[in-house]
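Counting starts at 1 for both ligands and their atoms, in listed order.
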Amino acid sequence: MKAVHESTLDLPLLRKGKVREMYDLGEHILLVASDRISAFDCILPQPIPRKGAVLTQISQFWFDRTEGIVQSHSVSADPDVIIEHRPELAASREDWAGRGMLVRKAEPFPVECVVRGYLAGSMWKEYQESGSLAGEEMPEGMVESDQLQSPIFSPATKAEEGHDENITFARMERVVGMNVADLLRSLSQNLYEFARDFARERGIIIADTKFEFGSAVSGEILLIDEALTPDSSRFWPESEYEPGRSQPSLDKQPVRDYLEGLVQEGTWDRSPPAPDLPDEVVQATTERYLEAFRRITGHELPDY
Ligand SMILES: Nc1ncnc2c1ncn2[C@@H]1O[C@H](COP(=O)(O)OP(=O)(O)O)[C@@H](O)[C@H]1O
Ligand SMILES: [Mg+2]
């Protein structure tokens with residue numbers, strides 16, 4: 001399977017996100033994950049072979065296991081089953097097999113449902129500045145990457161460009177209504193806790209994660225987008241976990257280390273465009289994504 005920076009199927013394009021192309025099939029969407037990767041807020045010139053398939057198939061793995069918590073939008077991520085549903089996709093199969101998921105079209109709620117179990121990223125910044133998290137007072141003396149006593153739900157608004165903005169729960173209630181806000185919060189927490197415990201037994205700490213929900217034409221609330229992947233979450237190798245510093249990333253560390261090296265040498269100043277990645281770095285990163293897939297699912301990523 002060749003690496004793809006951007007898919008260009010001969011189907012009506014509904015939308016193009018940072019990583020996925022969405023093709024409009026009426027009641028369904030074919031969601032195709034590319035192999036694009038970003039680091040330090042830049043999209044890198046080289047795609048990472050197999051990354052898109054890893055993201056799609058990890059999402060499907062979790063969707064299958066969390067049906068008891070909430071129904072997902074996925075019809076299937078298995079190319080044979082997708083073609084049974086939509087025979088018109090047979091001709092382009094090799095362009096989307098593995099990386100493509102057939103999903104039910106939904107109306108996305110305009111909030112990102114973030115759950116954090118560990119002190120990292122924007123929450124670590126907030127804690128250092130104000131001693132609080134998402135507005136809640138926190139115990140003193142916590143260090144970077146510490147596990148929180150209980151996971152915190154911290155919604156954000158979706159930004160088309162740049163960083164998503166954290167919002168209060170009260171603001172989320174104004175956006176989606178009180179009942180939906182309560183429901184999305186409890187679904188998010190249940191999903192996170194299930195996945196955190198599952199991954200932990202397989203040597204991965206899911207420090208935080210982001211969910212998106214939407215309403216189907218039927219009115220049913222669905223878990224949409226990708227879920228519990230290394231792109232929508234912070235995955236830390238448990239064997240290297242050490243509070244008091246930032247943690248290596250299970251998936252992107254080879255890219256970060258390489259770019260960090262260029263910054264130290266003075267050959268890159270962190271502003272776009274990002275520099276080319278050498279082949280070894282690309283290969284090491286593919287290997288990391290495959291390792292994440294293997295650890296979570298317990299088997300190899302199939303060849304599509
Ligand atoms: N079932 C669905 N129905 C409608 N939109 C969806 C569905 N699942 C995901 N989406 C949307 O598809 C897009 C996925 O592409 P992605 O590249 O991840 O976008 P983003 O740049 O917003 O992260 C997101 O905007 C998400 O809200
Ligand atoms: Mg996305």
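Every residue two or more places apart in sequence or in another chain that forms a side chain to side chain contact (heavy atoms under 4.5 Å, CB included) with A195 is listed here: W62, I206, L228. When the side chain to side chain contact (heavy atoms under 4.5 Å, CB included) test is applied to A284, the partners found at least two apart in sequence or on another chain are P254.
When each atom of ligand 1 is checked for a heavy atom of P108 under 4.0 Å away, the hits are 5 (N). Residue R15 has at least one heavy-atom neighbour below 4.0 Å for each of these atoms of ligand 1: 19 (O), 22 (O), 24 (C), 25 (O). Atoms of ligand 1 lying under 4.0 Å from any heavy atom of E212, numbered from 1 in the order shown and given with element: 26 (C), 27 (O). Atoms of ligand 1 found under 4.0 Å from any heavy atom of V103 (numbered from 1 in listed order, with element): 1 (N). Set against the non-hydrogen atoms of A106, the atoms of ligand 1 under 4.0 Å away are 1 (N), 2 (C), 3 (N), 4 (C).
Using bins of under 30°, 30° to 60° and over 60° for the plane-to-plane angle, the ring pair W124/Y127 lands in the parallel bin.
Residue-level proximity to ligand 1 for I29 is carried by the side chain, the only part with a heavy atom below 4.0 angstrom.
Nearest to atom 1 (N) of ligand 1 by heavy atom, out of K210, E112, H73, is H73. Of the candidates L55, V19, D225, D24, it is D225 that places a heavy atom closest to atom 14 (C) of ligand 1.
Between I224 and ligand 1, no pair of N/O atoms sits closer than 3.5 Å. At a 3.5 angstrom cut-off on N or O pairs, E226 does not count as close to ligand 1. Checked by distance only, ligand 1 and R20 come closer than 3.5 Å through their nitrogen or oxygen atoms.
Every heavy atom of G214 sits 4.0 Å or more from the atoms of ligand 1. A heavy-atom separation below 4.0 Å is not found between K16 and ligand 1.
Between W96 and Y23, the ring center distance fails the sub-6.0 Å criterion.
A side-chain donor-acceptor contact under 3.5 Å links S249 to the backbone of K252.
Smallest separation of non-hydrogen atoms from P275 and P45: O-CD, 3.4 Å.
Side chain to side chain, S145 and Q247 meet the donor-acceptor criterion of an N or O pair below 3.5 Å.
Applying the side-chain hydrogen bond (donor to acceptor under 3.5 Å, both in side chains) test between S233 and each of T209, D208, D251 identifies T209 as the sole match. If you run side-chain hydrogen bond (donor to acceptor under 3.5 Å, both in side chains) between D35 and each of R50, R99, K51, only R99 comes through.
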